[in-house]
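Accompanying notes for the structure given below.
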Amino acid sequence: MIRLMLFLSGTVVILFLIALTAGPADVSARDSLAALFDDSYGPLSLVMWEIRLPRALLAVIIGAALGLAGAAMQGYLRNPLAEPGLIGVSSSAALGAVIAINTGLAASATLGLPFAALAGALMGVFLVMALAGPQGGSLTLILAGIAISAMAGALTSLVLNLSPNPFAANEIVFWMMGSLADRSFVHVGLVLPFAVVGAVILLSLGRGLDALTLGEDAAQTMGVNLKRVRLWLVLGTASVVGGATAVAGAIGFIGLVVPHILRPLVQGQPSRLLWASALGGAIMLQMADIAVRLILPSRDLKLGVVTALVGAPLFLHLIYKTRKGLV
Amino acid sequence: MADAGPSRVVSMNLCTDQLAMLLAAPGQLASVSYIARDTRASAMADEAMAYPINHGLAEEIYLLQPDLVIAGAYSTFTTTAMLRRLGVPVVVFQPANSLSDVRDRIKKMGEVLEREAAAADLLAAFDRQLAALDIEADGRPRAALYSANGYTSGPASLAGQILEAAGLANVAAELGYDRSGRMPLEVLAMADPDLLVGTTPYPRASRSEDILGHPVVRHLAAQGGAGQIRDADWVCGTPHVLRAVETLAQERRDFLNRERSE
């Protein structure tokens, strides 16, 4: 376990350095890193501090948030298909964010945008949990997720279509696919409090989730208050997903892929998986964000495209494996 | 003069709206597009209030019973094709990409409306104003055009031509942009332009225009002191572009004065 965590942390750090040196501006890795600590580089220091550093930080924060949320939801629902993006939590958060931007709430209140996204995410998690029921049967979970995703996506598109701003309609893609391009420290400041609060809540659920692997009755006899676990799970997930979606749009599949890959490495223990998935999520989003900059640097390739290309086949594989349970 | 030229003209494009309003005889222009009333995009929003508006839909335009429809190159093809099928003559105007294109479009609009005399007057005034601008040749500060989604405009675009006419060198040209394209924020920052010419954002925020509030853009704008001066005058190839050139030339003079005093 310790070796795994060290390996994951080391990878996060290495990818962070690569992320800082990858970009359309043609400068050497050494110069760009030196410019972080030295103002004499002129515009390069500006590029490093205001463009690359916030982007790299956001990839770590948001990736960790999404990985953690996926691991927590899968642990609670005991279903490997639960993922904030797939079951509509991210799209409802995006709906909240879009409403906040279009009503002017985001401009008038400092934390208006992330709070609105959090409210949207809260609705999404609540609806999914209510529709899927406490057992979280695969079929109902996925159907509920599809319904909520479609509804939230349609409403997001509607709000953007009705906006008097001619650019708004083109942004449907951003809210559905997510991107970290051209974000600044303002956005880091917006997401950080929500990610930290949500992460603390979700990480504290480890013991309860471990107990749940033995079944609900066993967990209850072990003194786990299932209603409390459920409430905190809803709040924690909404907080991390809401914050992440408010600044980066709905990035899917990270919460699905990462826990799936790491589960065997932590012997399927949810409390360990929470920590490992947070680091794994940071790694996956960083890799995706480096990839979009290296593959098509001039096109603003959306993050969600890359994560979906990796995640969707895995999703199919999981469905295939759980097919017996679905019928 | 009653039987001279088309008598019920409908324009369905922002730029042809403005040219038509400048040149049409009283009563000749029956309708302009709804965007002509949008102060953010239209340099003649007040004038447009006097005309009924259309939304560029075949049905409403046909019901106006026009004897001529003027469309832009980007008007929906299906709409203009349907109008033609219904027997309505449609004239399509290409967008202007240079100041000489502007002269050309004025002339063409004069011909289409059979208002050649009015067009000749407008052209003469345009040439007079252009000559009066008198941009001194020395010192060409480097300027970058930057708008929503990080788009910049190169020398082969109308905005790029406005920039050049105002006596500025276009950073996009240095970097090999010809018309317009996305310029990554990093590249813009590294190019370090003297003046940053941004657009005025639309009301109701959008993420596309968020980029104009990015610390890097704000820093560059503060450094050069130009900022969000690009407005409706820049959008269409009409004589109003000269106002844009004039505003920009003033920014250039201010910049050169500041530089000399330093």
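Below, read A as the first sequence line, B as the second, and so on, with proteins coming before strands; counting in each chain starts at 1.
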(request) Please check if any side-chain donor atom of B/N97 sits under 3.5 Å from a side-chain acceptor atom of B/S157, or the reverse. (result) no
(request) Using the six-membered ring wherever Trp is involved, compare the ring planes of A/F185 and A/W49 and label them parallel, tilted or perpendicular (cut-offs 30° and 60°). (result) tilted
(request) State whether a side-chain donor-acceptor pair under 3.5 Å links B/S11 with B/T16. (result) yes
(message) Can you confirm if the aromatic rings of A/F194 and A/F115 lie within a centre distance of less than 6.0 Å?
(response) yes
(message) Is the shortest side-chain heavy-atom distance between B/F255 and B/D194 below 4.5 Å?
(response) yes
(request) Anything in residues 174-186 of chain B with a heavy-atom distance to chain A below 4.5 Å? Please list those residues in order. (result) B/R182, B/P184, B/L185, B/E186
(message) Between A/D289 and A/R293 (salt bridge meaning N to carboxylate O under 4.0 Å), is one present in this structure?
(response) yes
(message) Tell me which of these, A/L44, A/V27, A/L160, has more heavy-atom pairs under 4.5 Å with chain B than the rest.
(response) A/L44
(request) Report the option among A/P54, A/G23, A/S184 that has the most heavy-atom pairs separated by less than 4.5 Å from atoms of chain B. (result) A/S184
(request) Under 4.5 Å heavy-atom distance to chain B, tell me which part of A/V98 shows up: side chain, backbone, both or neither. (result) neither
(message) Which residue is it: A/I254, A/T245, A/V241, A/V240? I am looking for the one with a side-chain contact (heavy atoms from CB on, under 4.5 Å) to A/P84.
(response) A/V241
